[in-house]
Amino acid sequence: MKEEELIEQVKKGNNIAFAALYDYYWQRVYNFTKLYVTSSDSISEIVQDVFVKFWESRHLLDSNRKVEGFLFIITRNIIFNKARSRMREDMFKMTVLRSIENEEPYNQEDRMVAEDLKEYIDRLIAVLPERQREIFLMSREENMTYREIALRCGIGEKAVERHIHLTLKFLKKNLLLFILFSMLPE
């Protein structure tokens with residue numbers, strides 16, 4: 001079958017046509033992703049995400065255009081979105097760490113707020129599920145990479161990343177409450 005015919009069949013929801021396009025393009029998507037991402041687990045996950053997105057967006061396909069361009073746009077967007085998400089997460093971590101560990105002199109009231117914040121964060125971390133807490137503390141207190149944590153815990157890097165993501169999401173949600181309540185007039 002020609003690519004144009006495969007595209008028309010995919011648009012109609014034909015799994016066999018989709019599998020044919022997948023078989024033909026997956027290595028190209030993998031190699032393209034490899035230019036921007038170093039972790040083989042991350043590359044495989046991105047390739048999988050690309051083809052899931054491709055399937056979900058099949059109604060946008062144009063049988064007069066090559067699938068390759070569409071796939072590379074999806075790949076680029078997924079890579080950029082993941083990088084942007086990691087940057088936001090890293091910025092949040094840095095902001096929280098600076099507020100806790102800032103060595104610049106500040107007044108007594110700021111010191112008390114910082115101590116309260118640190119105590120609150122410690123309490124939040126203490127209520128995490130045990131495995132999630134262990135992984136988060138390995139990352140933050142022992143400065144271990146996701147790979148090092150994965151090796152120590154006998155799990156995949158994606159599982160480590162998921163635990164860290166869930167912890168940061170939980171902390172963000174609860175820190176917002178702390179900030180809101182700390183701003184209330186006494």
Side-chain angles (χ1 to χ4, degrees), residues 1-95 128-136 138-140 144-176:
M1 230 187 288
K2 291 183 178 179
E3 187 170 292
E4 296 83 21
E5 295 168 358
L6 288 172
I7 292 170
E8 285 302 319
Q9 290 300 312
V10 168
K11 285 175 75 169
K12 294 176 184 175
N14 184 319
N15 294 332
I16 296 169
F18 173 78
L21 288 174
Y22 175 87
D23 289 341
Y24 186 75
Y25 283 108
W26 84 266
Q27 187 68 50
R28 292 178 189 188
V29 172
Y30 185 91
N31 291 338
F32 180 74
T33 304
K34 211 161 96 170
L35 295 172
Y36 301 97
V37 180
T38 55
S39 164
S40 60
D41 289 340
S42 294
I43 294 169
S44 297
E45 181 184 336
I46 289 170
V47 172
Q48 181 179 353
D49 290 348
V50 166
F51 283 99
V52 167
K53 186 70 171 172
F54 176 73
W55 177 256
E56 291 171 348
S57 305
R58 66 187 179 274
H59 64 281
L60 298 173
L61 291 171
D62 182 351
S63 57
N64 297 322
R65 299 186 128 176
K66 286 277 197 193
V67 170
E68 188 171 28
F70 190 63
L71 286 170
F72 289 128
I73 289 170
I74 293 172
T75 306
R76 180 202 62 197
N77 290 344
I78 289 173
I79 291 169
F80 287 162
N81 288 341
K82 286 185 179 290
R84 195 176 312 125
S85 176
R86 280 199 183 102
M87 283 176 40
R88 269 191 252 122
E89 183 179 304
D90 290 344
M91 290 301 290
F92 174 75
K93 291 181 222 174
M94 293 300 295
T95 302
L128 291 169
E130 184 178 347
R131 183 66 150 191
Q132 195 171 329
R133 181 176 60 249
E134 287 173 3
I135 289 170
F136 185 75
M138 281 186 248
S139 169
R140 297 312 182 267
M144 294 175 68
T145 64
Y146 287 3
R147 171 166 275 148
E148 292 168 334
I149 295 168
L151 288 172
R152 183 186 284 183
C153 295
I155 59 177
E157 284 182 60
K158 282 291 152 201
V160 172
E161 185 177 335
R162 180 82 178 133
H163 282 295
I164 300 290
H165 171 76
L166 290 172
T167 300
L168 291 173
K169 186 175 176 182
F170 173 75
L171 290 175
K172 284 179 198 178
K173 179 179 146 193
N174 287 286
L175 285 174
L176 180 60

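Going from atom CG of L61 over to atom CG of L6 covers 11.0 Å, rounded to the nearest 0.5 Å. Atom OG1 of residue T167 and atom CD of residue Q132 lie 3.5 Å apart, to the nearest 0.5 angstrom.
Around atom CD1 of I16, no more than 12 heavy atoms belonging to other residues, nucleotides or ligands sit under 6.0 Å away. Within a 6.0 Å radius of CD in E130, no more than 12 heavy atoms belonging to other residues, nucleotides or ligands are found. For Y36, the OH atom is loosely surrounded, since the number of other residues' heavy atoms within 6.0 Å does not exceed 12.
Residues F18 and F54 come closest through the heavy atom pair CE1-CD2, 3.4 Å. Looking at every heavy atom in both residues, S42 comes nearest to V37 through CB-CG1, 3.6 Å. The shortest heavy-atom contact between G156 and A150 is C-CB, 3.8 Å. Closest of all the heavy-atom pairs between S40 and Y30 is CB-OH, 4.4 Å. Summarising the geometry of I78 relative to I46, their closest heavy-atom pair is CG2-CG2, 4.0 Å, with the distance given to 0.1 Å. F72 and V29 make their closest contact through CE2-CA, 4.1 Å (heavy atoms, listed as atom of the first residue, atom of the second, distance).
Taking the salt bridge (Lys or Arg N to Asp or Glu O under 4.0 Å) definition, one finds that R133 meets it with nothing, sequence neighbours left out. A search for side-chain contact (heavy atoms from CB on, under 4.5 Å) contacts involving D62 returns N64, R65, not counting sequence neighbours. Take R152 and apply the salt bridge (Lys or Arg N to Asp or Glu O under 4.0 Å) test, not counting sequence neighbours, and it matches E142. Taking the side-chain hydrogen bond (donor to acceptor under 3.5 Å, both in side chains) definition, one finds that T33 meets it with nothing, sequence neighbours left out. With sequence neighbours excluded, the residues satisfying side-chain contact (heavy atoms from CB on, under 4.5 Å) with E148 are M144, T145. Not counting sequence neighbours, Q48 has no partner by the side-chain hydrogen bond (donor to acceptor under 3.5 Å, both in side chains) test. Not counting sequence neighbours, F80 has no partner by the ring-ring contact (aromatic ring centres under 6.0 Å, His included) test. Partners of R131 under the side-chain contact (heavy atoms from CB on, under 4.5 Å) rule, at least two apart in sequence or in another chain, are E134, I135, C153, I155, H163. For the ring-ring contact (aromatic ring centres under 6.0 Å, His included) test, no residue two or more places apart in sequence or in another chain qualifies with F136.
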> Could you go step by step and tell me if S57 and F70 meet the side-chain contact (heavy atoms from CB on, under 4.5 Å) rule?
Replying inline: CA-CA 10 Å; S57 305; F70 190 63; 3.9 Å; yes
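Each side chain to side chain donor-acceptor pair (under 3.5 Å) pair with one or both residues in residues 13-23, not counting sequence neighbours, appears once here: Q9-N14. Within the structure, the salt bridge (charged side-chain N to carboxylate O under 4.0 Å, His left out) test picks out the following pairs touching residues 25-53 (sequence neighbours left out): R28-E68, E45-K82, E45-K158, D49-K82. Evaluation of the side chain to side chain donor-acceptor pair (under 3.5 Å) test over residues 69-80, restricted to residues two or more places apart or in two chains, returns none.
When atom types are taken as modelled, the side chain of E161 and the backbone of Y146 share no donor-acceptor pair closer than 3.5 angstrom.
The shortest side-chain heavy-atom distance between V160 and R147 does not fall under the 4.5 Å cut-off.
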